[in-house]
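Comments concern the structure below.
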Amino acid sequence: MARDHVQSAERLGTGAEAPFLELLARRASADAYEQPVLLARAEGLSAERVDALERAKVLALRVRAEMEGRRRREAELSALFETAHDLAGLRDVDAVLQAIVQRARSLLSTDVAYLTLHDEAAGDTYMRVTEGSVAARFQQLRLGMGEGLGGLVAQTARPYVTPDYFDDDRFQHTRTIDTGVSDEGLVAILGVPLMIGPQVIGVLFAADRRARVFEREEIALLGSFAALAAAAIDTANLLTETRSALDRLARANEIIRDRSGAVERASDVHDRLAELVLRGGGVHDVAAAVSQVLDGTVEFAEVSTARTAALEASRAEGHAVRHGQDWIAAVSAGDELFGALVLRGHPGLDPVDQRTLERAAMVTSLLLLARRSAVEAEQRVRGELLDDLLDGRDRDPRVLRERAARLRADLDATHVVLAARLEGASGDADQEAAARRRLWSAASHLASTRRGLAATRAGGTVLLLPLEPGDSATDLARRTAGELGTAVHERVTVGASGPVSDLASRPDAVAAAHAEGQRCLDALRLLGRTGDGAAADDFGFLGLLLAGDRDIAGYVERTIGEVVTYDERRGTDLVRTLDAYFDCGMSPARTKDELHVHVNTVAQRLERVGRLLGADWQSPARTLEIQLALRLHRLSSSPVSR
C-alpha cells in the first residue's frame, strides 16, 4: 500500500508529504512511516526525492506524536472529569472505585489494575477492587504492612515503580505475595498511595505482564486517580460517620438539631458544588456557594497573598486548618499550589462544615485545572490559525472563515498585524524563556479579548488585531506596546503593518503585513525607541522603505497634499514655487528670477505654504521630506486626491 502511495504521489505531482498525510489520516502505526522511504530507495528514485521523503517522514512522525499526545491528554482529562462527576454524585462507593480502577487501566494501557485498602482491625491490607485479574489467589491476597511493593508505598507515602518485580530487592518479598503475583503473571508494577491527609489508607496499582518503564506522566495520572479514590473513600466514611452521628443524636434533641443543620449544609453545598462542576462555574462561584451554606464569608486567596504557615500545614495534611479566627483550606493539585479558600470569623467550625470547606477546596482545584486547560487549548487553536495565515496554509476562504468564527474572529474585517518583542535585560536561558512565556500569555489574552489571533514567531510574538473605526495602526501599536509591557512588567516594542482586509481570500496578505510590521519593529529598535509602538507612517520617507505596499501616493498626500489641493482648487502655483525655491537653494531672490515674478510674490506664496504645511516646514528634516514628495509628485502620472 505504501508503494501505491508513492506512485500515486508521483503521478499526481504531489509533494513528498502526500503518502505520509494518508498514513496520518488512517492513523497508521509508526513503523508504517518507513515504507514510503524504503520503497523510494528500492525503486531508484532520485536522492532529492528520497531526502524530501525523509524530511516529510520526520515531520509526519512529529505531527503523529503531537496528535497522539493530544488525544491521550484529552482522554485523561475526560476520565478525570467523569470520575469527579461520579464522586460529586456519590451513592455507591464500590461503583466509584471500580470506575476509577477501570479508567486507570484503560488510560495507562496496562494488563491489570487493582486497589488495596488498610484493615485497621486485622493490621494488614486487602484487595478491594481488581480489573483485568484472572488469578483467584491474587484476588484474595492479604498483605502484611511493610510487605511487597504495596508495603513500601504505604510506608513511605510515595509512588514506587518496578520494571521487573521479582528482580527488585528494594522491598520485602514473601512467599504468599510472590506466589500470587506469579499466578497473575505480573512483571512491571506501579503503585501510588491513597492519602487522606497524612494518612495512607491504601494503594492503587497498575501492572503489566511484561517488562515496562512507566513514564512520569503515567505516574502523575495514576496519582490523580488515587486522589479521587481517596476522596471517594473519605466521602463514604463521612457519610457513614454522619449516619452514625444521626443515630446517636436521636436521643438528644439539641444535638440532633445541631448535627442535622450541619448535615443539611453539607448536603446543600454538595448539590451546589455538583451543579457548579456541571455548568463550568468559577472559583468565586464556589466561594459564594460555600459562604451561603456556612453562613460566613468565604474568599479565594492567591498564593501570593495567602502564603502562611497555616496554608502549608493545610496543604501537607489535606485538611482545613484554623488560623486565628479564620479557617484555611489549601487549593492544590498534586505538587501545584493554586491558593486557598479562607473562611472568615468562624473559630469554632463544626467538623462537618470543616469537611465541607475542604471539599469545596478540592472542587475549586478541579475547576482551576479545567479553566487552565480550556484557555491553553484556545490559545493553541488561535496560534494554529494565525500560523496557517502566516504560512499560506489552508487557503480555502470558507474554511478559514469558519475556523475564525469559532474563535469569535472576523477575517473580513480590517486588521493590523503587530510584531512584538521583549526588550528587558536578558538573564539566563530559564529567565528569558519564562519572560517569553509571559509575553505569549499576555498576547494570547489580549487577542482573545479583542477578537483577534496571536502566535509565536522568530523569538517574538505576532498578533492579528481588528482595527476599530477611527483608530489607526500607530494608535493600535502604541496601545498594544503599553498593555503588553504592563502585563509582563518589561518593555515591549511593537511594530505594526498598515491596515489589511479580506484576509481569507488574499493568500499573502498576512505574511506581507507581518514582514512590514517586523521591519517597523527593527527600525524602532535601531532608533533606540524600545518599549514604543509605531507603523510605517510614523517614519516619514523612511516609511516608504518599511511599508510593504510602497504607498507613494499616500506619502505625497501626507507631506504636501494640502499644497497640491490648494493649487487645484484656486489655480495657484504654490507647488511650482516650492520646486523653484528648493532648486534655487532656498533663495527668494533667485526664485523670483526663475519664476519671472516679483520677490514679494515669492514671499507671499512661501507664507501661504507655511500656513498650509506648518511653521516648521523649512526645518532640515521637513525640507528633506518635502523635496522627496515634490520629486515623487512630478514623477507620478496621477494627481494626488484629497
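The figures that follow rest on heavy atoms only: side chains count, while hydrogens, waters and symmetry mates do not.
A parallel orientation is assigned to the rings of His173 and Phe166, their planes being inclined by less than 30° (bins at 30° and 60°). Below 30°, between 30° and 60°, or above 60°: for Tyr114 and Phe138 the angle between ring planes is above 60°, a perpendicular geometry.
Under a 4.0 Å N-O distance rule, the pair Arg142/Glu147 does not qualify as a salt bridge. A salt bridge links Glu54 to Arg41: at least one charged side-chain nitrogen sits closer than 4.0 Å to a carboxylate oxygen. Taking 4.0 Å as the cut-off between side-chain N and carboxylate O, Arg105 and Asp111 do not count as a salt-bridged pair. Salt bridge annotation for Glu184-Arg137: absent, with no cationic side-chain nitrogen under 4.0 angstrom from a carboxylate oxygen.
The number of heavy-atom neighbours closer than 6.0 Å to CZ of Arg170, taken from other residues, nucleotides and ligands shown, is above 12.
Minimum heavy-atom separation, Met195 to Val200: SD-CG2, 3.3 Å. For the residue pair Ala229 and Leu115, the shortest heavy atom distance occurs at CB-CD1, 4.0 Å. Residues Asp208 and Thr110 approach most closely at OD1-CA, 3.3 Å, considering heavy atoms. When all heavy atoms are compared, the tightest approach of Pro159 to Val192 is CB-CG1, 3.7 Å. Taking every heavy atom of both residues into account, Thr162 and Leu149 meet most closely at CG2-CD2, 4.1 Å. Shortest non-hydrogen contact noted between Leu53 and Pro19 is CD2-CG, 4.2 Å.
Between atom NZ of residue Lys57 and atom CZ of residue Arg55 there is a gap of 12.5 Å, rounded to the nearest 0.5 Å. The structure places CG of Leu141 at 11.0 Å from CG of Asp124, a figure rounded to the nearest 0.5 Å. Remark: Arg103 CZ to Leu221 CG distance equals 12.0 Å, nearest 0.5 Å. Summarising the geometry, atom CG belonging to Leu186 is positioned 11.5 Å from atom CG belonging to Asp164; distances are rounded to the nearest 0.5 Å. Distance CZ/Arg403 to CG/Leu453: 9.5 Å, rounded to 0.5 Å. With rounding to the nearest 0.5 Å, the separation of CG in Leu204 from CZ in Arg128 is 13.0 Å.
Between Thr125 and His118, some side-chain heavy-atom pair lies under the 4.5 Å cut-off. The shortest side-chain heavy-atom distance between Gln172 and Leu152 does not fall under the 4.5 Å cut-off. Between Leu117 and Tyr126, some side-chain heavy-atom pair lies under the 4.5 Å cut-off.
Within the 3.5 Å criterion, the main-chain N or O of Trp440 finds a donor-acceptor partner in the side chain of Ser444. Between the side chain of Thr116 and the backbone N or O of Met127 there is no donor-acceptor pair closer than 3.5 Å. With hydrogens and angles disregarded, no donor-acceptor distance shorter than 3.5 Å links the side chain of Ser106 to the backbone of Gln102. A side-chain donor-acceptor contact under 3.5 Å links Thr179 to the backbone of Arg175.
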As a quick check of understanding, evaluate side chain to side chain contact (heavy atoms under 4.5 Å, CB included) for Phe225 and Leu108, giving each step before the final call. CA-CA 11 Å; Phe225 278 116; Leu108 270 67; 5.6 Å; no

Run the side chain to side chain contact (heavy atoms under 4.5 Å, CB included) test on Val112 and Thr130 for me, step by step, so that the C-alpha distance in whole Å, both residues' side-chain angles and the decisive distance to 0.1 Å come before the verdict. CA-CA 7 Å; Val112 183; Thr130 64; 5.7 Å; no

Carefully, step by step, assess Val187 and Tyr165 under the rule side chain to side chain contact (heavy atoms under 4.5 Å, CB included). CA-CA 5 Å; Val187 177; Tyr165 177 86; over 6 Å; no

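A donor and an acceptor atom, one from each side chain of Ser133 and Gln139, are located under 3.5 Å apart.
Checking Asp168, Ile189, Leu190 one by one against Val161, the side chain to side chain contact (heavy atoms under 4.5 Å, CB included) holds for a single residue, Leu190.
Under the side chain to side chain contact (heavy atoms under 4.5 Å, CB included) criterion, Leu38 pairs with Glu34, sequence neighbours left out.
When ring centroids are compared, Tyr160 and Phe205 stay outside the 6.0 Å threshold.
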